[in-house]
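Proteins get letters first, then strands, A, B, ... in listed order; numbering begins at 1 in each.
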Protein chains: 2
Amino acid sequence: MRPSQALRLWQQVLLSQVRDGAPDLTMRQTAILLTIYLDPPPHTVRGLAARLNVTKPVITRALDTMGALKLVSRHRDELDKRNVLIRRTVEGALFVERFGDGIVDRAHELPI
Amino acid sequence: MRPSQALRLWQQVLLSQVRDGAPDLTMRQTAILLTIYLDPPPHTVRGLAARLNVTKPVITRALDTMGALKLVSRHRDELDKRNVLIRRTVEGALFVERFGDGIVDRAHELPI
DNA sequence: GCAATTCGTTTCGCTTCCGTTTCAGTCCTT
DNA sequence: AAGGACTGAAACGGAAGCGAAACGAATTGC
């Protein structure tokens, strides 16, 4: 894959998302969402903040937003009640799955 | 390319952007930026709004933000002074170029 | 048992974004 | 020259984001 093809793919995927009225997530929010769904659990606020090199409030706020969209859910850790465990949801899994399919579809449409 | 690989690639690219402190553009803003740099000019507010299926103020505001970041520039169309022509900048071209290279790099790092 | 640490959230003032509506400037046709 | 059509920006109230700092609750260490 060459850079020009990569950029074109990225553009087509974003255009399809925007045109379809998908939630307008920021780069940070999308990174958090994909990390939750691709990296092995458990996921904590602190862990995500470290993985993305951002402050904890950034994670808290992103979880607020994506929680309202039902893309993720929060649960107190019963073993250490200071922790919050972030879990996947059915809706979120569906969203991520569709997103991945969309990338593949756009890749196939790409000119060689 | 399979969906799981596509998602992993997307995640790695976003993570590298976020960790490096790149501007936290939204999906819409990124789509606008890439469209300006990949589609042939001229680009107008109205044209971009139609291409992305969003309202004109969305484009105006995105141009405000990305203009402040020096990623794009605006110029009045001298032939039809109602139009504003959006042009690429050196900084924007560099940003997009690096972004494309980043995607290719992450693609190479991906497990087969 | 009590201070120190850790965790996630909340608060503060500020900026940016949203959709809708309104506006000023510029064509274009008559 | 006058009316309407069109373009992009500005105004509005509301929502959400930011970094930095402070917070309560839970755990750990001495």
| Can any side-chain N or O of A:H43 pair as donor or acceptor with the backbone N or O of A:I86 at less than 3.5 Å? | no
| said: Once ring-ring contact (aromatic ring centres under 6.0 Å, His included) is applied, do any residues pair with B:F95, and if so which ones, sequence neighbours excluded? | reply: none
| Do the side chain of A:T89 and the main chain of A:L71 share a donor and acceptor less than 3.5 angstrom apart? | yes
| said: How many whole angstroms separate atom CG of B:L52 from atom P of C:dC17? | reply: 15 Å
| Hey, any chance A:V104 and B:L14 share a hydrophobic cluster, counting ILVMFWY side chains that come within less than 4.5 Å of each other, even indirectly? | no
| Are the side chain of B:D77 and the backbone of B:L85 linked by a donor-acceptor contact shorter than 3.5 Å? | no
| Has the side chain of A:R46 got a donor or acceptor atom that lies under 3.5 Å from a matching backbone atom of A:N83? | no
| query | Near DNA chain C, under 4.0 Å by heavy atom, which residues of residues 34-48 of chain A? | reply | A:T44, A:V45, A:R46
| task | Using atom CZ of A:R76 as one end and atom C1' of C:dC7 as the other, report the distance to the nearest whole Å. | result | 8 Å
Could you list all N or O pairs between the protein and nucleotides 10-13 of chain C that sit under 3.5 Å apart?
none

| query | Are any non-hydrogen side-chain atoms of A:T60 and A:V45 less than 4.5 angstrom apart? | reply | yes
| remark: With sequence neighbours left out, the residues meeting ring-ring contact (aromatic ring centres under 6.0 Å, His included) with A:Y37 are none
| Do any N or O atoms from the side chain of B:R28 and from the backbone of B:V54 form a donor-acceptor pair under 3.5 angstrom? | no
Using atom names, set out every protein N or O paired with an N or O of nucleotides 26-29 of chain C below 3.5 Å, distance rounded to 0.1 Å.
unit_1, atom_1, unit_2, atom_2, d
C:dT26, O3', B:K81, N, 3.3
C:dC27, OP1, B:D80, OD1, 3.2
C:dC27, OP1, B:K81, N, 2.9

| task | Following the transitive rule for hydrophobic clusters with a side-chain heavy-atom cut-off under 4.5 Å over Ile, Leu, Val, Met, Phe, Trp and Tyr, establish whether A:M27 and A:L25 coincide in one cluster. | result | yes
| What residues form a salt bridge (charged side-chain N to carboxylate O under 4.0 Å, His left out) with B:R61, not counting sequence neighbours? | none
| task | Return the set of residues passing salt bridge (charged side-chain N to carboxylate O under 4.0 Å, His left out) with B:D80 (not counting sequence neighbours), or none when no residue passes. | result | B:R82
| message | Can you tell whether the side chains of A:R98 and A:D20 come within less than 4.0 Å, N to carboxylate O? | response | no
| remark: Assign each of B:N83 and A:I59 the nucleotide of DNA chain D bearing its closest heavy atom; nearer the 5' end lies the nucleotide of B:N83
| query | If you walk 5' to 3' along DNA chain D, what is the first nucleotide with an atom under 4.0 Å of a heavy atom in chain A, and what is the last? | reply | D:dA16 to D:dT27
| task | Within residues 10-19 of chain B, find the residues that approach DNA chain C with a heavy atom at under 4.0 Å, and present them sorted by residue number. | result | none
| task | Examine A:L94 and A:I36 and state if one hydrophobic cluster contains both, with Ile, Leu, Val, Met, Phe, Trp and Tyr joined whenever side-chain heavy atoms are less than 4.5 Å apart. | result | no
| With sequence neighbours excluded, what pairs up with A:Q11 under the side-chain hydrogen bond (donor to acceptor under 3.5 Å, both in side chains) test? | A:R8, B:T35, B:D39
| Would you call the rings of A:W10 and B:W10 parallel, tilted or perpendicular if under 30° counts as parallel and over 60° as perpendicular? | parallel
| note | A:E109 meets the salt bridge (charged side-chain N to carboxylate O under 4.0 Å, His left out) criterion, sequence neighbours left out, with A:R106
| Side chain A:Q12, main chain A:L9, donor-acceptor under 3.5 Å | no
| request: Mind listing the residues from residues 22-33 of chain A sitting with a heavy atom below 4.0 Å of DNA chain D? Number order is fine. | output: A:R28, A:Q29
